2 protein chains.
Amino acid sequence: MTRNEKHVVAIGLSAAIASVVEESPNVLVVHRGKGDDALPFGPFDPLGHRTLESGLRTWVGEQTYLDLGYVEQLYTFGDRGRHTLKPGEGARVVSVGYLALTRQRGALKAPDTLWRDWYRYFPWEDWRDEKPAVIGEAIAPAFEAFVKAASDKAAADLRRDRIRLCFGLGNIPWDEEKVLDRYELLYEAGLVAESARDGRAEAAHFLPLGDCMMFDHRRILATAIARLRGKMKYRPVVFELMPASFTLLELQRTVEAISGIRLHKQNFRRLVEGQGLVEGTGKVSVLARGRPAELFRFRREVLRERPGVRLGARQGQGLRSS
Amino acid sequence: MTRNEKHVVAIGLSAAIASVVEESPNVLVVHRGKGDDALPFGPFDPLGHRTLESGLRTWVGEQTYLDLGYVEQLYTFGDRGRHTLKPGEGARVVSVGYLALTRQRGALKAPDTLWRDWYRYFPWEDWRDEKPAVIGEAIAPAFEAFVKAASDKAAADLRRDRIRLCFGLGNIPWDEEKVLDRYELLYEAGLVAESARDGRAEAAHFLPLGDCMMFDHRRILATAIARLRGKMKYRPVVFELMPASFTLLELQRTVEAISGIRLHKQNFRRLVEGQGLVEGTGKVSVLARGRPAELFRFRREVLRERPGVRLGARQGQGLRSS
DNA sequence: ATCTATATACTCAGAACGAGTATAAATACC
DNA sequence: GGTATTTATACTCGTTCTGAGTATATAGAT
């Protein structure tokens, strides 16, 4: 492979930095005036950065004054026309998206940065209280036009199936992990502002569903939420978002905030304690309403003791050796 | 973000193309003379390629004359010194790795390409017949030196724990999905040829474990195998590797070839049939030794019918809504 | 006819899961 | 002070899933 000018491109590093406060899952965004929000991001510097991740860490450090703990690469997007503000403008940028987890300690010091509830960008993803009204009132009707606009019957059937599967219509259950699939479907159908911005044909049925973000940042955030919702079930990553000690209800509320669904309290306890993920501290929480709850701490040792600790998915794989 | 010369870098697209013949999991490699094998790869062309994946497809098409079906992005690597042949030489390249699945139909027509059993590169990963001897005879002893070479006791303990977890020593069970973790550990410990090539300090205990590959291609292949072993359990991707009709034993042998472990025959049947993943064709296989087996075909409809079809991992997530 | 290899049906016990009931311990309200 | 409300926590119960078999059927080989 020769270093040809044709093969030259810039790499953007973007981070979806998540934290949870009370019952609200937050993402750190850069907000300037009346423009769309953006994720913290910066270019990869092949001279200064030893690895992509170290590049991201230094960038985020400069931009947000945060010291990231858990960081995980998500996906690399390179679609033409889905990064620059207007198609054709600016350089071709390939963007590598990351998920980072942290806790909120003190106020943010960096200018123009703030924590925002991520359901502002994805209002159809929060099923904790009830099925979001926007699905039945706006999304489903708008999709009907999208299905009708298909080129032929086969294409229409395909679209209908995708919609049913993604949004859990008919007898299909809601799958909280399909965050990215749902966003991409809305994008294709022209129902999010990014579609119109990127000049998509379908954007005729344009609906401003959720808040728009700059570049492909809402796509990265969707990927981040999807990954986190999935990963929570087989790796104890939630604890990156928890303080040193917490009640089991606080832990449950954090998981619920992320997954966007409610959980069965007693079974959640059984699972968390049964896995040996936490240990009691003996102390009890004070500022509660009912009976005081015991404070627990995360047993970091589990990461070393047993390989497959999970907060959800079943160990048995059906494909057991024999 | 301005288009600064500092921020300019080449993007390499590499594909781990997998197929299974009989009981052998194969990967397509480019083999030229006595040099190390490489994966098919080429640079991303920001002018000609609309997306990263379409770039990969055209590149692979030109290089191998194969028309890829299933393609999935794996990871983007950008570590300094882990791509170029000698540290400091050549341009900085960020490489995006892909996994592709296909079937072998006829001989390969492209020059210098051939199918190779992937356990040639990872001899410690094949547990189908027995625990690979290389683990007890070469890997475990070499790791002892690696542990001793740690800077202090805490670092040594950390290394020991990682080794136990990765290679299933002591009472830890073998986890066939940790392919990448194991390779990275061997790389860090200087036990694969790439360590010495990249000029790592630890490479003192250099052991030529498995066949070496060019650039970071063995790392990408490790990622591909790990992803495929995991994904098989919750998505019916194996069928991309199967002919139109097959016996259940052939299907099982394919899964075993990939995962590197043996499965319980009766339970495998129960799972596959219970999930409605296959349907009988009425015909029976001929060239067998014992009682003829019925030929089955993949029920493609399942992809559209139910969301969570899986060939392994449990649906129930322990985190059920309520 | 018997052996061997494979296919396929069926059983069984234990673990995991979803969904509850029951009781304990605090505060809020009157 | 007594009662309602709220939250915590222990325990139960039926179902499904899973791992590990046994039993029987059907072919070719000797």
Side-chain angles (χ1 to χ4, degrees), chain A residues 22-23 173-174 233-234 245-253 255-256 259 261-296 306 308-322, chain B residues 22-23 173-174 233-234 245-253 255-256 259 261-296 306 308-322:
Chain A
E22 304 288 321
E23 313 239 340
W174 174 257
K233 291 177 188 158
Y234 60 95
S245 72
F246 47 82
T247 70
L248 293 181
L249 186 59
E250 285 165 353
L251 182 65
Q252 183 181 341
R253 292 288 179 244
V255 172
E256 290 173 341
S259 64
I261 54 175
R262 289 280 169 216
L263 303 175
H264 185 283
K265 188 171 180 170
Q266 297 91 321
N267 291 348
F268 181 82
R269 283 181 71 85
R270 178 174 61 187
L271 195 72
V272 172
E273 294 192 291
Q275 288 286 321
L277 289 170
V278 297
E279 62 190 355
T281 62
K283 295 171 189 165
V284 290
S285 133
V286 274
L287 304 155
R289 191 191 278 270
R291 169 175 169 181
E294 184 171 6
L295 286 168
F296 290 80
R306 284 171 309 152
V309 279
R310 79 222 138 74
L311 190 61
R314 177 76 172 272
Q315 183 103 288
Q317 326 254 243
L319 300 175
R320 263 280 163 276
S321 78
S322 172
Chain B
E22 306 286 323
E23 313 239 342
W174 173 258
K233 291 177 187 157
Y234 60 96
S245 72
F246 46 82
T247 70
L248 293 182
L249 185 59
E250 285 165 354
L251 182 65
Q252 182 181 340
R253 292 289 177 243
V255 172
E256 290 173 339
S259 63
I261 54 175
R262 289 281 169 213
L263 303 176
H264 185 283
K265 188 170 181 172
Q266 297 92 322
N267 291 348
F268 180 82
R269 282 181 73 84
R270 178 174 65 188
L271 196 73
V272 172
E273 293 192 291
Q275 287 287 323
L277 289 171
V278 296
E279 61 188 358
T281 61
K283 296 172 189 165
V284 290
S285 132
V286 274
L287 303 156
R289 192 191 279 269
R291 170 175 167 181
E294 185 172 5
L295 286 168
F296 290 80
R306 284 170 309 155
V309 279
R310 77 220 140 74
L311 190 61
R314 175 73 173 272
Q315 184 103 288
Q317 326 257 235
L319 300 175
R320 261 283 163 274
S321 76
S322 173

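Bear in mind the structure is a predicted one, so any value in this text is a computation, not a measurement. Letters A, B, ... mirror the listed sequences (proteins, then strands); counts begin at 1.
Residues passing the side-chain hydrogen bond (donor to acceptor under 3.5 Å, both in side chains) test with B:R270 are B:N267, sequence neighbours excluded. Checked against side-chain contact (heavy atoms from CB on, under 4.5 Å), B:E23 has the following partners two or more places apart in sequence or in another chain: B:R128, B:R253, B:R262. Listed by chain and residue number, A:R297 satisfy the side-chain hydrogen bond (donor to acceptor under 3.5 Å, both in side chains) test with A:E279 (two or more places apart in sequence, or in another chain). Here B:Q252 pairs with B:L249, B:E256, B:L263, B:K265, B:F268 under the side-chain contact (heavy atoms from CB on, under 4.5 Å) rule; sequence neighbours left out.
What separates CG of B:L295 from P of C:dT6 is a distance of 16 Å, to the nearest Å. Across the protein-nucleic acid pair, A:L271 atom CG and C:dA19 atom C1' stand 15 Å apart, rounded to whole Å. Atom CZ of A:F246 and atom C1' of D:dA8 are 16 Å apart (whole Å). In this structure, CD of A:Q275 is placed 13 Å from C1' of C:dC17, rounded to the nearest angstrom. The separation between B:F268 atom CZ and D:dG21 atom C1' is 19 Å, rounded to whole Å. Atom P of nucleotide C:dA7 and atom NE2 of B:H264 are separated by 14 Å, given to the nearest angstrom.
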Give me, pair by pair, the N or O atoms of the protein and of nucleotides 9-12 of chain D that are less than 3.5 Å apart, along with how far apart they are.
unit_1, atom_1, unit_2, atom_2, d
D:dT9, OP1, A:E294, N, 3.1
D:dT9, OP2, A:R269, NH1, 2.8
D:dT9, O5', A:R269, NH2, 3.4

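Of the candidate nucleotides C:dC17, C:dA5, D:dT6, C:dA5 has the atom nearest to the side chain of B:R289.
Applying the salt bridge (Lys or Arg N to Asp or Glu O under 4.0 Å) definition to pairs two or more places apart or across chains, none involves residues 282-294 of chain A.
The OG1 atom of A:T247 sits 8.5 Å away from atom CZ of A:F296, with the distance rounded to the nearest 0.5 Å.
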